[in-house]
Participant: 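Before anything else, here's the structure in question.
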Amino acid sequence: MRYPFSEIETKWQINWEQNKVHKTDFSNTEKKLYTLVMFIYPSGAKLHCGHWYNYGPTDTWARFQKLKGYNVFEPMGYDAFGLPAENYAIKTGIHPKDSTLKNIEDIRQQLKKIGCMYDWDAELMTCVPEYYKWNQWLFLQLYKKGLAYRKNAPVNWCTSCQTVLANEQVLNNGTCERCNAAVIQKNLTQWFFKITNYAEELLDGLDKINWPEKTKLMQRNWIGKSIGAEVTFKIADAEDQIKVFTTRPDTLFGATYMVLAPEHPLVEKITTKEFKDKVEAYKDSIKSMSEIERSSTVKQKTGVATGAFAVNPANGKKIPIWIADYVLMTYGTGAIMAVPGQDERDWEFATQFNLPIIRTVQPPENFSDNAFLGDGLAINSDFLNGLYVDDAKKKMIDWLEEKKIGKSTINYRLRDWLISRQRYWGTPIPIVHCEDCGEVPIAEDQLPVELPYEIEFKPTGESPLASNQKFINTTCPTCGKNAKRDPDTMDTFVDSAWYYLRFLDPKNEKMFDKNLSDNWTPVDMYVGGAEHATMHLLYSRFIHKFLRDLGLVNSDEPFKTLVHQGTITNNGAKMSKSKGNVVNPDEFTVKVGNDVFRLYLMFMGPYEQGGDWSDKGISGTERFVARVYDLCCNYKNIYNEINTPNKFELEDLSSIEKSVYRKVNQSIAKVETELEHFRFNTAIAALMECLNELTKNLVNCRKELQSYSLERFIVSLAPLAPHLSEECWEIIGKKISIYHKPLWVDCDEKALIEESVSIAIQVGGKMRGTVDVPMNSSEDDVKSAVIADDKIAKHLEGKTIVKQIFVLNKIMNFIVK
RNA sequence: GCGAAAGUGGCGGAAUUGGCAGACGCGCUAGACUUAGGAUCUAGUAUCGAGAGGUGUGGGGGUUCGAGUCCCCCCUUUCGCACCA
């Protein structure tokens with residue numbers, strides 16, 4: 001009979017919902033397990049195969065843990081603010097709120113079809129005032145502590161999204177993370193969150209969490225800690241000073257020139273008359289260049305002299321001050337001391353412009369490169385001479401500190417998080433700008449500052465809210481005079497930085513329930529794409545630590561364990577609506593059912609690897625499901641007919657029964673270890689092997705073993721194909737849902753031990769066959785078996801055995817002459 | 001340019017500590033049941049060879065009784081970083 005997936009899946013989804021099978025009891029925290037998958041971004045398109053690949057397998061893991069006795073919480077919600085909805089509105093005139101809510105309706109239906117055990121009572125969306133109110137509240141708490149501040153700075157501007165972006169949201173080719181359009185630099189006054197205050201802790205915390213090494217490394221690199229010293233250089237014949245940051249204070253004697261970033265505020269002041277024109281021309285030439293061009297490492301170095309000189313504090317020598325674009329205003333102090341002898345970039349620049357080079361570390365004899373970066377004895381360095389780099393660094397820092405012209409310093413690459421966006425569909429920033437009082441925060445009891453529905457979309461680079469008179473005009477909370485609201489909205493990464501806390505009680509009248517968060521966070525298992533490594537996953541860690549400092553959470557990290565699902569591509573390209581290459585899962589689920597589709601996604605390959613989409617093998621899992629169903633139908637009600645034992649004694653079983661009993665227990669053990677580690681493909685393979693054994697031999701087993709085997713097989717399959725398993729469970733005579741209470745079964749260890757083993761026989765390292773011998777047979781016994789086997793023995797004929805290598809239960813290798 | 005991961009049949013992919021390469025599935029071939037087969041079942045399926053046997057895990061070297069697995073060099077792909085002082 002063909003497996004009637006449609007009726008069966010609907011039946012069980014209704015059953016689960018009616019019996020609240022997936023409702024989490026938060027009061028029982030003894031074996032709590034918070035499993036979270038990154039919530040969905042309802043960008044206008046519905047779920048595609050990539051979403052399914054993210055949600056289905058993760059749910060399988062959660063179900064597995066539930067069967068094992070964990071009290072699992074698995075929620076789902078909507079990251080509902082953001083650009084796509086707004087861009088869609090600009091194109092079609094449909095309001096983002098309307099399109100988003102409609103989309104969520106559709107997506108919710110799709111999500112329910114997957115058959116995940118989401119606790120739907122915990123559903124949330126970020127675009128409603130009850131949620132974004134708490135973004136504003138969070139903003140105010142940060143503001144109070146001086147961690148939310150406004151400054152005028154060069155910021156990233158996406159020419160297509162018409163808004164600023166955080167550094168994290170600019171790809172390394174200088175394009176926008178969201179739309180891939182060019183990003184340019186603009187000077188604007190914007191709101192920032194002071195994530196840099198947590199730089200050190202964000203770095204340290206990485207050692208305490210179970211995340212993929214690759215992701216931790218990306219965060220480490222992004223934070224970019226470097227230890228060094230700040231050194232003050234006097235400008236010759238002037239009062240001004242230039243501070244530089246260097247990781248190599250030991251090379252100070254080799255500093256033969258200095259370089260300022262072209263934007264450095266001192267440039268104008270120190271440039272001498274003769275060099276003014278050149279400097280101005282150079283600065284102009286930089287402006288017209290994009291960030292990508294400027295920061296290209298293949299580009300030849302450029303720069304001009306300012307005509308000014310500084311004094312090297314170590315040796316009192318006058319050294320020229322240049323400007324060059326390879327020095328960045330945004331890192332360190334925007335100025336460097338150049339030590340061409342020990343720095344490749346400085347070497348390149350020095351040789352190009354004929355600047356002097358002094359080596360201060362003795363390179364090894366055969367050294368033929370230019371700058372020497374390695375360790376060695378200090379030379380040409382007065383009181384440092386003869387010291388290795390580490391010691392020389394220390395001594396130089398001591399010297400600088402004593403002379404009060406420098407100190408040891410730590411520098412980070414991490415910049416503060418720019419959170420304002422010149423867009424409509426987001427959380428309004430709860431600040432009023434008053435001519436007299438300046439920026440005034442809204443009182444907490446006045447929240448939320450509601451996002452008005454009426455709005456004119458003008459992708460002009462101005463915040464749409466600025467032109468909504470009703471919204472923008474207000475009175476100053478402090479003095480009562482007419483004032484204006486901040487017209488910008490927050491980066492949507494603010495929404496997602498703390499949503500895992502809100503999930504625990506989305507209707508709570510506070511930001512989240514502290515009691516629940518103390519008991520249920522950190523999230524135990526977090527699954528989501530690797531593309532968030534230095535965005536969402538960094539921001540949430542920061543916000544979590546901040547909330548901890550407010551006393552609102554009791555842990556240091558939000559996500560204890562992190563797993564990245566691989567990407568499902570289509571013809572090599574990532575699925576996206578704009579590329580028009582999305583594969584709609586509905587197309588398959590109506591044809592083969594949700595369990596088959598879920599199984600197929602998991603069977604395709606390693607979960608962390610992803611892969612290119614192809615439906616070629618789907619009939620494999622389709623057949624598997626049909627065969628499981630057919631098998632169970634052949635044993636209808638068997639569980640009610642006999643008493644099913646929990647265990648069999650091997651000696652009581654026939655050889656066929658032993659084989660079945662072994663296979664069932666081996667499969668349970670295999671599925672358990674594989675599922676634990678997200679290795680769904682090999683877990684399914686084990687169940688397929690088990691099914692092959694059952695279809696072949698179950699018919700020749702006693703009824704008790706038939707019932708035993710089916711029971712265990714179905715439980716092992718249940719996390720992977722939940723609807724099918726529930727149905728089969730019922731068919732064999734079970735009355736209550738598999739997910740009603742934990743019932744994962746331990747395997748019978750005795751059944752895992754094989755009685756006999758086949759040993760590989762090699763002659764001179766070449767495979768010549770195998771012999772079957774009892775487990776743990778001795779070297780002599782195996783040898784007798786080999787001699788008794790003509791086919792193998794003939795390879796030994798007329799030869800002298802020089803040596804024999806024997807590995808118990810594995811292999812025997814005869815070395816012959 | 002630097003760093004990391006990967007490269008296994010026609011295809012997706014399996015292989016504790018080095019110990020029978022190709023589990024499981026797709027596809028394919030043959031057969032059975034069929035009016036039919038794009039359903040189902042059975043058998044086969046790395047490759048060369050009639051066979052004995054040889055050859056095979058990107059390429060080339062090495063260590064070892066024995067290498068997909070360890071070491072060195074090279075090639076390719078993917079990802080990350082890319083003047084961070």
Side-chain angles (χ1 to χ4, degrees), chain A residues 2 172-173 212-215 217-218 221-222 224-226 228-229 244-248 251 255 258-259 261 292 294-299 301 324-328 330-339 342-346 348-349 411-414 530-531 533-534 566-567 569 572 599-600 603-606 608-612 614-624 626-627 630 670 673 679 681-692 695 758-771 794-795 802-816:
Chain A
R2 203 178 152 75
N172 60 11
N173 60 5
E213 278 310 316
K214 201 183 96 183
T215 310
L217 185 65
M218 278 169 74
N221 290 339
W222 188 263
K225 178 181 183 173
S226 47
V244 301
F245 173 73
T246 175
T247 54
R248 292 295 301 275
T251 63
M258 296 187 81
V259 186
I292 329 158
R294 244 187 94 163
S295 62
S296 162
T297 41
V298 281
K299 195 194 82 173
K301 293 214 172 351
D325 67 347
Y326 82 91
V327 173
L328 309 172
T330 49
Y331 184 79
T333 60
I336 62 157
M337 63 181 213
V339 188
Q342 267 69 236
D343 185 289
E344 282 170 331
R345 297 154 302 181
D346 296 344
E348 192 191 329
F349 194 81
N411 223 316
Y412 299 93
R413 204 186 84 118
L414 183 70
E531 67 275 14
T534 53
T567 312
T569 54
L599 280 167
Y600 178 60
F603 190 55
M604 278 187 350
E608 273 105 331
Q609 193 179 291
D612 204 45
S614 156
D615 57 9
K616 262 177 74 180
I618 204 160
S619 52
T621 47
E622 198 179 359
R623 260 174 239 169
F624 172 71
R627 287 175 59 208
D630 287 345
K670 176 81 172 168
T673 54
R679 293 191 292 253
N681 55 333
T682 44
I684 294 169
L687 286 167
M688 283 172 166
E689 280 188 60
C690 189
L691 177 67
N692 289 343
T695 40
S758 126
I759 295 194
I761 307 301
Q762 300 183 341
V763 177
K766 282 193 195 297
M767 267 297 299
R768 293 302 179 189
T770 58
V771 292
K794 76 174 184 198
H795 291 283
V802 187
K803 194 180 171 189
Q804 57 195 48
I805 291 116
F806 175 74
V807 181
L808 189 71
N809 296 329
K810 290 265 161 137
I811 203 162
M812 183 135 185
N813 189 1
F814 298 94
I815 311 304
V816 293

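In what follows, chains carry the letters A, B, and so on, assigned in the order in which the sequence lines appear, proteins first and then strands, with residues in each chain numbered from 1. When reading the values below, keep in mind they use all heavy atoms of this one structure, side chains included, and skip hydrogens, waters and symmetry mates.
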Participant: I need the CD-P distance between A:E531 and B:U78, as an integer number of Å.
Facilitator: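 Value for this atom pair: 18 Å.
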Participant: Could you say whether A:G605 or A:T330 is positioned toward the 5' end of RNA chain B, judged by the nucleotide with the nearest heavy atom to each?
Facilitator: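 Result: A:G605.
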Participant: Roughly how many Å apart are B:C33 and B:A43, using the C1' atom of each and rounding to a whole number?
Facilitator: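 My reading of the C1' atoms in B:A43 and B:C33 gives 15 Å.
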Participant: Using atom P in both nucleotides, what's the gap between B:U40 and B:A6 to the nearest angstrom?
Facilitator: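 Looking at atom P only, B:U40 and B:A6 are 38 Å apart.
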Participant: With heavy-atom distances below 4.5 Å as the criterion, would you say the side chains of A:S226 and A:Y331 are in contact?
Facilitator: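 Answer yes - side chains close enough.
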Participant: Which base sits across from B:A46 as a Watson-Crick or G-U pair, both distances under 3.5 Å?
Facilitator: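 In the structure as shown, B:A46 has B:U55 as its Watson-Crick or wobble partner.
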Participant: At under 4.0 Å between heavy atoms, how does the protein contact nucleotides 20-27 of chain B? Give one character per nucleotide, 5' to 3', with B, S or -.
Facilitator: BS-BBSSS
Participant: For the C1' atoms, the ones on B:U29 and on B:G9, what distance do you get once it is rounded to whole angstrom?
Facilitator: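 To the nearest whole Å, 16 Å.
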Participant: CZ of A:R768 versus C1' of B:A52: gap in Å, rounded?
Facilitator: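 So the CZ-C1' distance, A:R768 to B:A52, works out to 11 Å.
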Participant: Using atom types as modelled and distance alone, determine if a side-chain donor or acceptor of A:T246 lies under 3.5 Å from a backbone N or O of A:R248.
Facilitator: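 It does hold such a pair.
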Participant: Rounded to the nearest angstrom, tell me the gap between atom CD1 in A:I805 and atom C1' in B:A67.
Facilitator: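 Taking atom C1' of B:A67 as the reference, CD1 of A:I805 is at 15 Å.
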Participant: Could you measure between the two C1' atoms, the one in B:G10 and the one in B:C65, and give it in whole Å?
Facilitator: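 Pairwise C1' distance, B:G10 against B:C65, rounds to 36 Å.
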Participant: Determine which nucleotide pairs with B:C65, using a 3.5 Å limit on both distances of a Watson-Crick or G-U wobble pair.
Facilitator: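 Its partner is B:G19 (Watson-Crick or G-U wobble, both distances under 3.5 Å).
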Participant: Hey, what do you get for CH2 (A:W222) to CG (A:L414), rounding to the nearest 0.5 Å?
Facilitator: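 Here the rounded value is 8.5 Å.
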Participant: For residues A:F814 and A:Q762, determine if any side-chain heavy atom of one lies less than 4.5 Å from a side-chain heavy atom of the other.
Facilitator: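 No, too far: nothing below the 4.5 Å cut-off.
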Participant: Please determine, for the side chain of A:K794, which listed nucleotide (B:G13, B:C65, B:A52) has the closest atom?
Facilitator: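 Of all the options, the side chain of A:K794 is nearest to B:A52.
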Participant: Taking syn as any angle within 90 degrees of 0 and anti as the rest, which one fits B:G66?
Facilitator: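 Glycosidic conformation of B:G66: anti.
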Participant: Could you tell me which nucleotide pairs with B:U40 by Watson-Crick or G-U wobble geometry, both distances under 3.5 Å, or answer none if nothing does?
Facilitator: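 WC or wobble partner is B:A32.
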Participant: Is the backbone N or O of A:G765 less than 3.5 Å from a side-chain atom of A:N813, with the two atoms forming a donor-acceptor pair by type?
Facilitator: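 Such a contact is found between A:N813 side chain and A:G765 backbone.
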Participant: Check this one for me: any side-chain N or O of A:K766 less than 4.0 Å away from OP1 or OP2 of B:U55?
Facilitator: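 Affirmative; the distance criterion is met.
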Participant: With both distances kept under 3.5 Å, what pairs with B:C26, Watson-Crick or G-U wobble?
Facilitator: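 Result: B:G10.
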Participant: If you find the nucleotide of RNA chain B closest to A:N813 and the one closest to A:T246, which residue's nucleotide is nearer the 5' end?
Facilitator: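 Looking at RNA chain B, the more 5' nearest nucleotide goes with A:N813.
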Participant: Where the side chain of A:I815 is defined as all heavy atoms beyond and including C-beta, which of B:C65, B:G12, B:C79 is the nearest nucleotide?
Facilitator: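 Selected nucleotide: B:C65.
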Participant: For B:C79, which nucleotide in any strand shown is its Watson-Crick or wobble partner with both distances under 3.5 Å?
Facilitator: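 The answer is B:G3, by the H-bond criterion.
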Participant: How close or far is atom C1' of B:C81 from atom CG of A:L328, stated in whole angstroms?
Facilitator: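 After rounding, the reported distance stands at 14 Å.
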Participant: Whole angstrom is fine here: how far is it from CH2 in A:W222 over to C1' in B:C79?
Facilitator: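 Atom CH2 in A:W222 sits about 16 Å away from atom C1' in B:C79.
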Participant: Should A:Q609 be listed as having a side-chain N or O under 4.0 Å from OP1 or OP2 of B:A5?
Facilitator: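 No, no such contact exists.
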Participant: Expressed as a whole number of angstroms, how long is the span from A:E348:CD to B:A85:P?
Facilitator: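 My rounded result for the distance is 17 Å.
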Participant: Just how far, in rounded Å, is C1' of B:U16 from CZ of A:R679?
Facilitator: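 Taking atom C1' of B:U16 as the reference, CZ of A:R679 is at 11 Å.
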Participant: Take atom CG of A:L691 and atom C1' of B:U40, then tell me their distance rounded to the nearest Å.
Facilitator: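 A:L691 atom CG is separated from B:U40 atom C1' by 14 Å.
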Participant: Say you pick atom P in B:C26 and the same atom in B:U42; how far apart are they, in whole Å?
Facilitator: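 These two P atoms come out 12 Å apart once rounded.
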Participant: Yes or no on side-chain contact (heavy atoms from CB on, under 4.5 Å) for A:D346 and A:Y326, after CA distance, side-chain angles and deciding distance?
Facilitator: CA-CA 10 Å; A:D346 296 344; A:Y326 82 91; 2.8 Å; yes
Participant: So which atom in A:Y600 and which in A:K616 form the shortest heavy-atom distance, rounded to 0.1 Å?
Facilitator: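 Here A:Y600 and A:K616 meet closest at OH-N, 3.9 Å.
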Participant: Evaluate the side-chain hydrogen bond (donor to acceptor under 3.5 Å, both in side chains) criterion for residues A:R627 and A:N692: first the C-alpha distance (whole Å), next the side-chain angles of each, then the deciding distance (0.1 Å), finally the verdict.
Facilitator: CA-CA 9 Å; A:R627 287 175 59 208; A:N692 289 343; 3.0 Å; yes
Participant: Tell me every residue that passes salt bridge (Lys or Arg N to Asp or Glu O under 4.0 Å) with A:E344, counting only those two or more places apart in sequence or in another chain.
Facilitator: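 Expected list: none.
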Participant: On a whole-Å scale, what distance lies between the P atoms belonging to B:G62 and B:U69?
Facilitator: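 These two P atoms come out 15 Å apart once rounded.
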Participant: For atom C1', what is the distance between B:C71 and B:G18, given to the nearest Å?
Facilitator: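 To the nearest whole Å, 13 Å.
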Participant: C1' atom, B:G53 versus B:G58: distance in rounded Å?
Facilitator: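 Looking at atom C1' only, B:G53 and B:G58 are 27 Å apart.
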